[in-house]
Amino acid sequence: MVSMLRIVTLNTFQAGYRVVSEWAASNGHELVLLVTLPSGGERYDATAPPLVASVPPELDVLVTKKLRGVAAPVIEALEPDLIISAAFPRLIPDEVLKIPRYGALNCHPSPLPAGRGPNPQRLIYEGADEVAASVHRTEPGFDTGAVLAQRSMPLPADLNGGPLMESWRTLLTACLDEAVPRAVAGDRGDLQDPSKVTEAPAFTPEEHVLDLTEPAAVVRRKAAALNITAVRARVLLDGAEYLVARTDPAEAAAGKPGSVVASHPDGFTVRTADAALRLTAARS
């Protein structure tokens, strides 16, 4: 049992903050500071409200891009036991990493060393049949530190962005349950195998457009991966482009792959390579 820890968390995305804050609260730890970046689209949804609008008013928040000159002295003055980052798109410098008593950990939603980088949902987009997450020691390189915990589970039955995100929340919480006691005990973690490293770059504009001539399972998996942080999956139907908020299995329907077989007030039923899918369009 780990006694109460003073934790500084680095996040720019509400779901990442939620993982750390809920885990800390459920284990009797204290968040002494949230470090975040100015809003405006550093990798995550630029239209989302600033993270500071969704955190408790009693939590101290530092909004800065200057991690060495501004964040480091503030964090040092708080004498934290641990730093935990989740969905923080900046490299954390040594001036910050050396401060906490038990080091710094990062939450990453992939089975490291696979899926390093800014877009770990790419693994699912490209064919992974499970959801995975890791907590690792933070080093100056992105997602390169020794792994302290790793978990996986099958893709959710409701294969859409929200349930996929909830799967990651569950896995990362379980990873923190293992990783933090290991860090406090001085365990350095398990080094990543360089031969198994893969990178996960951002999706290209072309990859945002779903190909409805592919099998239904592929279309659903890609749409879910695209819609993790916001609705980004798109389809072209009869010359018009639509944002796709959800995909769901539909009753069998005849038609050419890629064609619309029924229209609905909130979307369409389309024929894929092997089955019909109900597409729910995003509200404008």
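The structure presented is a predicted model; accordingly, all values stated were derived computationally and were not measured. Sequence positions, counted from 1, serve as the residue numbers for this chain.
Salt bridge K222/D211: absent, no basic N to carboxylate O contact under 4.0 Å. Salt-bridge check for E126 with R221: failed, with every basic side-chain N at 4.0 Å or more from each acidic carboxylate O. Taking the charged nitrogens against the carboxylate oxygens, E76 and K98 have no contact shorter than 4.0 Å, which rules out a salt bridge. For the pair R151 and E178, the salt-bridge criterion is met [side-chain N within less than 4.0 Å of a carboxylate O]. R101 has no carboxylate O lying under 4.0 Å from a charged side-chain N of E79, or vice versa, which leaves the two without a salt bridge. In summary, D187 and R137 do not engage in a salt bridge, as defined by a charged side-chain N under 4.0 Å from a carboxylate O.
Within the 4.5 Å cutoff, the side chain of L10 has heavy atoms near those of the I83 side chain. Annotation: side chain of E207 is in contact with side chain of Y125 (closest heavy-atom distance under 4.5 Å). In this structure the side chain of W23 reaches within 4.5 angstrom of the side chain of D177, judged on heavy atoms. Considering only heavy atoms from C-beta on, V218 comes within 4.5 Å of P215 through its side chain. Side-chain contact between Y17 and V55: present, with at least one pair of heavy atoms (C-beta onward) separated by less than 4.5 Å. Using a 4.5 Å heavy-atom threshold, the side chains of D81 and I7 count as separate. A heavy-atom distance below 4.5 Å is found between the side chains of T12 and P89. Between L279 and R246, the closest side-chain pair of non-hydrogen atoms is not below 4.5 Å.
If you take CG on L37 and CG on L67, they are separated by 7.0 Å, rounding to the nearest 0.5 Å. In this structure, R116 CZ and L123 CG are separated by 12.5 Å, a value rounded to the nearest 0.5 Å. With values rounded to the nearest 0.5 angstrom, R220 atom CZ is found 13.0 Å from I124 atom CD1. One distance of note links CZ of R6 with CG of L31; it measures 11.0 Å at 0.5 Å rounding. In this structure, OG in S152 is found 9.5 Å from CG in D129, a value given to the nearest 0.5 Å. Rounding to the nearest 0.5 Å places OG1 of T229 at 6.5 Å from CE of M165.
L236 meets the side chain to side chain contact (heavy atoms under 4.5 Å, CB included) test with V209, E241; sequence neighbours excluded.
Judged purely by atom type and a 3.5 angstrom limit, N227 uses its side chain to pair as donor or acceptor with the backbone of A233. T173 contributes a side-chain N or O that, together with a main-chain N or O of R169, makes up a donor-acceptor pair within less than 3.5 Å. Remark: the backbone N or O of A146 is not paired with any side-chain donor or acceptor of H136 at under 3.5 angstrom. With hydrogens and angles disregarded, a donor-acceptor distance shorter than 3.5 Å links the side chain of S167 to the backbone of P163. Side-chain atoms of H108 never come within 3.5 Å of backbone atoms of P120 as a donor-acceptor pair (strictly under, hydrogens ignored). Proximity of a side-chain donor or acceptor of S85 to a complementary backbone N or O of F88 within less than 3.5 Å is not detected. Between the side chain of W168 and the main chain of A132, a donor-acceptor pair closer than 3.5 Å is present. Side-chain atoms of T272 never come within 3.5 Å of backbone atoms of A276 as a donor-acceptor pair (strictly under, hydrogens ignored). Between the R122 side chain and the A202 main chain, a donor and an acceptor come within less than 3.5 Å of each other. Of the possible polar contacts, one joining the D143 side chain to the G117 backbone as a donor-acceptor pair under 3.5 Å is found.
The shortest heavy-atom contact between P156 and V131 is CD-CG2, 4.0 Å. Taking all atoms of both residues into account, the shortest heavy-atom contact from A71 to T64 is CB-CG2, 4.3 Å. In terms of heavy atoms, A86 sits closest to C107 at CB-CB, 3.9 Å. The two residues V2 and H29 have their closest heavy-atom pair at O-CE1, 3.9 Å. Minimum heavy-atom separation, P113 to D193: CG-O, 3.5 Å.
Side-chain heavy atoms closer than 4.5 Å link hydrophobic residues (I, L, V, M, F, W, Y) into clusters, and following such links, possibly through other members, connects L5 to L148. In the hydrophobic cluster analysis, where Ile, Leu, Val, Met, Phe, Trp and Tyr join through side-chain heavy atoms closer than 4.5 angstrom, L112 is grouped apart from L176. Clustering ILVMFWY residues whenever any of their side-chain heavy atoms sit less than 4.5 angstrom apart, transitively, puts L105 in a cluster other than the one holding L191. Under the 4.5 Å side-chain heavy-atom criterion for ILVMFWY residues, no single connected hydrophobic cluster contains both V147 and L97. F203 is connected to L210 through a chain of hydrophobic side-chain contacts under 4.5 Å among Ile, Leu, Val, Met, Phe, Trp and Tyr, so both are in one cluster.
For the residue pair S54 / Q14, no side-chain donor-acceptor distance below 3.5 Å is found, with atom types taken as modelled.
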(message) Checking L155 against E130 for the side-chain contact (heavy atoms from CB on, under 4.5 Å) test, could you report, in this order, the C-alpha distance in whole Å, the side-chain angles of both residues, the deciding distance, and whether it holds?
(response) CA-CA 5 Å; L155 293 173; E130 64 179 16; 5.7 Å; no
(request) Just do the side-chain contact (heavy atoms from CB on, under 4.5 Å) check on V32 and V8 with the steps written out, would you? (result) CA-CA 6 Å; V32 296; V8 170; 3.7 Å; yes
(message) side-chain contact (heavy atoms from CB on, under 4.5 Å), that's the test. Do T247 and L159 meet it? Break it down for me.
(response) CA-CA 8 Å; T247 66; L159 188 50; over 6 Å; no
(request) Report the C-alpha separation of L33 and L62 in whole Å, then their side-chain angles, then the decisive distance to 0.1 Å, and conclude whether the side-chain contact (heavy atoms from CB on, under 4.5 Å) test is met. (result) CA-CA 7 Å; L33 182 69; L62 176 62; 4.1 Å; yes
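Among the candidates V235, V219, V261, L237, the single residue satisfying the side-chain contact (heavy atoms from CB on, under 4.5 Å) test with V270 is L237. The one candidate from I84, V19, V20, V35 that meets the side-chain contact (heavy atoms from CB on, under 4.5 Å) condition with N11 is V20.
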